[in-house]
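Structure, as structure tokens:
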There are 2 protein chains.
Amino acid sequence: MDAEQFRRAGYQAIDRICDYHSTLRNRPVTSQVEPGYLRKALPPSAPTEGEDIQVIADDYQKYIMPGLTHWQHPSFYAYFPTSSTFEGILAELYASSTSNPGFNWSASPACTELEAVVMDWTAQLLGLDRSFYNISEVGGGIIQTSASDSALVATVAARSRYIREHPHVAIENLVLYISTQTHSLGMKAGLVLGLKVRTLQVTAQDDFALRGDTLKAALEEDLSAGLHPFILIGTVGTTSSGAVDRLDEIGEIAKNYPFLWLHVDAAWAGVAYACPEYREAYHLPAINNYVDSFCTNFHKWGLVHFDGSCLWVRHRRHLIDALDITPEFLRSKQGDAGTFLFLWSCCFNVDGVCIGTAIDYRNWHLGLGRRFRSLKFWFALRARGVNGFQKYITDCIKLNNRFAQRIYESDLFAVVTKPSLSMTVFRIAPKSLSNLETLELNALNRAFYARLAARNDIAFTQTDLNGVFCVRMVVGAEKTVESDIDYALALIKEEAMILVGNWARMRG
Amino acid sequence: MDAEQFRRAGYQAIDRICDYHSTLRNRPVTSQVEPGYLRKALPPSAPTEGEDIQVIADDYQKYIMPGLTHWQHPSFYAYFPTSSTFEGILAELYASSTSNPGFNWSASPACTELEAVVMDWTAQLLGLDRSFYNISEVGGGIIQTSASDSALVATVAARSRYIREHPHVAIENLVLYISTQTHSLGMKAGLVLGLKVRTLQVTAQDDFALRGDTLKAALEEDLSAGLHPFILIGTVGTTSSGAVDRLDEIGEIAKNYPFLWLHVDAAWAGVAYACPEYREAYHLPAINNYVDSFCTNFHKWGLVHFDGSCLWVRHRRHLIDALDITPEFLRSKQGDAGTFLFLWSCCFNVDGVCIGTAIDYRNWHLGLGRRFRSLKFWFALRARGVNGFQKYITDCIKLNNRFAQRIYESDLFAVVTKPSLSMTVFRIAPKSLSNLETLELNALNRAFYARLAARNDIAFTQTDLNGVFCVRMVVGAEKTVESDIDYALALIKEEAMILVGNWARMRG
């Protein structure tokens with residue numbers, strides 16, 4: 001394929017993407033294919049001879065498009081959003097056209113440098129303390145793949161710090177703290193690293209937020225049992241209900257246990273700190289005062305498509321101590337270990353002298369190579385500006401408030417927990433069936449969710465909050481407008497009415 | 001930015017990418033910026049108001065482009081290649097326009113399904129045993145970010161298997177085996193997981209290949225010392241010299257130690273198995289007979305840009321046992337742990353009944369969300385076909401053979417190890433200075449490399465092989481042709497002549 005063929009195919013791709021986004025509202029939200037549909041449609045091997053790009057591009061429309069769930073659809077309210085912008089798509093296009101693994105400064109200086117810059121832009125956008133900025137040269141920020149990676153990196157750094165300070169402690173006696181509402185990333189970090197995980201309890205009365213007293217009791221119990229809790233993963237905006245751990249209380253407790261690393265996962269909710277009015281209520285001051293590391297995913301609700309998980313640490317040396325394979329005492333040995341190639345992060349002049357140093361991001365994450373992810377941040381943040389970014393966030397919250405308000409007012413539905421930013425967790429709780437037992441009401445709600453899940457014109461997710469089965473909706477697609485919310489309200493009402501009618505008939 | 005603005009900016013991006021690739025040969029290979037150049041050029045914060053996309057796109061040319069090292073440049077011979085195709089760029093463009101985190105089948109069925117299909121296409125392309133195919137439903141393949149991630153996943157699976165089979169063994173007594181030539185991924189897996197790493201010795205006489213006897217001696221020594229070696233990371237095509245561990249011998253030894261997981265990292269060289277003539281010499285039969293997991297990075301030398309690291313396992317259950325946060329005995333508990341959302345990998349019908357199951361790739365890797373990486377594989381493999389893929393590989397090898405042959409014939413240079421596929425490791429070894437001591441010759445070669453590194457019209461990498469400083473060249477850019485190789489030869493000769501002349505004068 002030469003440049004002219006690429007030009008034609010590229011123009012066509014751009015045109016088709018325009019068409020896609022212009023017609024997205026009229027498409028089904030969720031894919032209706034059956035498992036195995038693509039295996040049946042495609043040949044079992046790559047072709048022997050090359051095929052024309054037009055055939056391939058058409059097959060993308062024919063075979064792939066029907067198998068996609070459209071996360072940017074205005075009626076997609078499932079999981080968390082994956083916001084996306086035209087500007088970000090353009091940035092990705094440029095980045096892929098000069099692809100490189102950017103593992104150190106020399107590998108492609110712009111990759112390291114732009115990441116260092118945009119991570120300070122985003123830190124400032126969110127109101128993070130300057131100690132988290134890259135220009136502090138003490139803390140700093142890096143873009144990881146996902147919040148799971150960010151939490152895993154934080155846990156590795158915390159474990160490494162703990163073991164350095166307590167060299168005789170067996171890994172078997174370390175404990176990672178999460179709450180029952182922590183995203184699967186907590187349990188997975190434990191599995192990957194072979195660590196004990198203790199799941200701290202939260203209550204509906206506390207809106208599923210982890211309290212300081214609960215942490216304190218667990219610490220005292222474990223320490224007196226000879227165990228070594230070394231990290232707590234707290235959450236701002238839990239997956240199930242958008243709950244916010246009481247970081248103010250947690251931070252005060254943790255002050256007395258300075259060996260405990262505090263990591264805050266705000267994968268979805270963290271970008272709302274761009275709007276100063278949410279900082280206090282969502283405990284940004286506690287993050288700035290107490291935590292060791294903080295993560296939010298701009299690829300969820302930050303106008304940057306997947307992947308773009310931002311991780312900030314208070315002390316970069318904890319990352320480097322944990323992840324640099326060439327600490328001082330190993331440096332010469334490593335030179336023999338086939339890794340000599342990757343030691344330098346310098347720019348050399350003609351005499352082979354290093355003329356400056358730069359962040360060596362390979363020592364801030366798990367792998368070596370890394371994609372040029374900062375470019376889409378740069379494009380999107382510049383194109384929208386701080387004002388545009390804030391408007392997007394507040395528009396989503398307003399739309400969710402509209403939804404939640406109608407749920408509050410409804411005779412059919414109830415809000416299960418206090419709506420959080422752009423998330424509402426609700427369920428059927430018909431006034432006409434107010435005498436239902438918990439199990440019956442759960443069964444009714446499962447049936448209700450099954451009806452919603454069977455539709456392809458809207459997408460929600462189910463969840464379970466301490467035994468209460470609920471439906472969960474999150475606003476995040478930039479195309480969602482008030483009439484979409486009203487459509488969603490009409491649709492859930494219609495489904496609920498049918499279900500409640502059937503239920504009443506079945507029960508005679 | 002609306003669709004029409006995107007269309008204009010998109011066409012322009014396509015045009016600029018065409019220009020870039022058409023003029024790539026005339027550009028400097030390596031960036032000439034100084035550390036910190038971008039921090040100085042950019043404002044310290046994101047703008048308050050949004051900016052025009054044309055300004056941003058122009059700034060990309062002005063500020064980012066000069067900071068890029070051009071890995072697809074015909075004179076880029078450093079590190080390993082990051083091959084790239086126009087077809088792959090198009091696929092990435094489509095993928096980013098419908099961005100989703102594809103963590104399970106339902107999240108976007110096509111993402112899971114296409115990955116399962118292309119991983120079987122590539123397995124077949126490389127001649128892997130059918131037990132590694134996804135359709136075997138026993139083994140299977142997945143695309144990871146990098147070879148480091150692949151090795152880390154394999155190590156986690158191996159540790160998990162070992163601990164299940166030996167539940168009373170302390171993590172502190174586990175040992176991960178690598179050789180002195182293993183890529184940094186081995187040491188990093190040890191660091192991340194907090195494991196002991198034993199570095200097995202190799203010799204220049206063995207062309208830096210790990211031998212079976214060395215493994216056997218280490219196993220016997222460690223086992224009698226009460227240690228528990230549980231995984232060996234072998235290599236096909238080491239970073240420093242393209243060495244190939246003796247997997248035939250290693251496999252035979254490992255048969256007697258069935259608890260030892262064999263992982264083979266063939267990050268760069270593995271794609272050469274697409275050409276049947278290299279399978280025997282590079283030990284594919286041993287991979288098919290003995291190993292538990294195998295990795296090769298199509299983003300290195302496989303016509304797919306970064307990231308696309310292919311990992312195959314013989315038994316997928318070892319991945320799932322290690323990485324599924326919801327094993328059977330935890331399932332109900334996990335339902336309460338905020339992870340209920342992500343349990344299902346089914347397609348539901350209107351009655352909420354699962355109508356089929358699919359691979360749940362979230363349990364085959366470290367994180368949760370994943371990019372739609374298979375699309376670029378599908379585009380590139382179809383566009384080139386098996387024949388086109390093989391031609392690319394053999395063209396690179398022919399070009400390297402041309403280079404190596406001239407080095408062999410030269411009075412100025414010597415080949416340090418047997419050239420491997422598209423890699424030659426060489427050094428200055430002038431016949432006129434044949435009485436130099438090792439240290440002097442190393443110093444001469446360091447000076448030689450410094451001269452090369454100071455140039456911006458070509459890129460090599462340095463390495464050190466058991467105390468011998470060398471220069472390393474790898475052919476991989478698709479634009480490289482014979483005249484580029486001849487240019488490289490002329491250039492190194494010129495630099496060497498100047499250096500040797502200076503050296504002779506300095507020594508009087």
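Note that the structure is predicted; figures quoted are calculated from it, not measured. A note on names: the letters A, B, ... follow the listed sequences, proteins ahead of strands, and every chain is numbered from 1.
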Given a strict heavy-atom distance threshold of 4.5 Å, which part of [X] is in contact with chain A: side chain, backbone, both, or neither?
| X | value |
| --- | --- |
| T238(B) | neither |
| R370(B) | backbone |
| L375(B) | side chain |
| Q124(B) | side chain |
| P66(B) | neither |
| L93(B) | both |
| S146(B) | side chain |
| S22(B) | side chain |
| A322(B) | backbone |

Do you know which of [options] has the most heavy-atom pairs with chain B at a distance under 4.5 angstrom?
| options | answer |
| --- | --- |
| T122(A), D15(A), I178(A) | D15(A) |
| S97(A), A3(A), G367(A) | S97(A) |
| E4(A), R7(A), H299(A) | R7(A) |
| D149(A), L42(A), N297(A) | L42(A) |
| D307(A), T48(A), T85(A) | T48(A) |
| C111(A), C18(A), A9(A), G10(A) | C18(A) |

Rounded to the nearest 0.5 Å, what separates atom [atom1] in [X] from atom [atom2] in [Y]?
| X | Y | atom1 | atom2 | result |
| --- | --- | --- | --- | --- |
| Q72(B) | T98(A) | CD | OG1 | 7.0 Å |
| I17(A) | F6(B) | CD1 | CZ | 4.5 Å |
| L114(B) | Y63(A) | CG | OH | 12.5 Å |
| E172(B) | I171(A) | CD | CD1 | 4.5 Å |
| W378(A) | L38(B) | CH2 | CG | 7.0 Å |
| H21(A) | D2(B) | NE2 | CG | 13.0 Å |

- What do the steps show when you test D324(B) against L191(A) for side-chain contact (heavy atoms from CB on, under 4.5 Å), and what is the final call? CA-CA 8 Å; D324(B) 186 352; L191(A) 268 186; 5.8 Å; no
- Query: Can you check side-chain contact (heavy atoms from CB on, under 4.5 Å) on I14(B) and I14(A), steps first, answer last?
  - Reply: CA-CA 9 Å; I14(B) 296 293; I14(A) 297 291; 4.1 Å; yes
If you look at every heavy atom in [X] and [Y], which pair is closest and at what distance?
| X | Y | value |
| --- | --- | --- |
| S96(B) | S84(A) | O-OG, 4.1 Å |
| R159(B) | L193(A) | NH1-C, 3.4 Å |
| Y37(A) | A110(B) | OH-CB, 3.4 Å |
| E113(B) | G36(A) | OE2-N, 2.6 Å |
| A13(B) | L90(A) | CB-CD2, 4.3 Å |
| P109(A) | V33(B) | CB-CG2, 3.7 Å |

With a 4.5 angstrom heavy-atom cut-off, could you sort out which part of [X] is near chain B: side chain, backbone, both or neither?
| X | result |
| --- | --- |
| L125(A) | neither |
| Y20(A) | side chain |
| A116(A) | both |

- Stepwise side-chain contact (heavy atoms from CB on, under 4.5 Å) test for L323(B) and K188(A): CA-CA 7 Å; L323(B) 293 168; K188(A) 195 147 188 181; 4.2 Å; yes
- For L68(B), does its backbone N or O pair with a side-chain atom of S108(A) as donor and acceptor, under 3.5 Å? no
- Exam field: side chain T82(B) to backbone N100(A), donor-acceptor pair closer than 3.5 Å: no
Counting heavy-atom pairs under 4.5 Å with chain A, which one of [options] comes out on top?
| options | answer |
| --- | --- |
| V55(B), I64(B), D19(B), L152(B) | I64(B) |
| P101(B), G102(B), S148(B) | P101(B) |
| S99(B), G50(B), A95(B) | S99(B) |

- Task: Check side-chain hydrogen bond (donor to acceptor under 3.5 Å, both in side chains) between D120(B) and all other residues, then give those that pass, not counting sequence neighbours.
- Result: R39(A)
- Task: Applying salt bridge (charged side-chain N to carboxylate O under 4.0 Å, His left out), name anything that partners R384(B), two or more places apart in sequence or on another chain.
- Result: E87(B), E478(B)
- Message: Walk me through whether T145(A) and R371(B) qualify under side-chain contact (heavy atoms from CB on, under 4.5 Å).
- Response: CA-CA 9 Å; T145(A) 302; R371(B) 296 195 320 115; 5.7 Å; no
- Relative to the ring of F103(A), is the ring of W71(B) parallel (under 30°), tilted (30 to 60°) or perpendicular (over 60°)? perpendicular
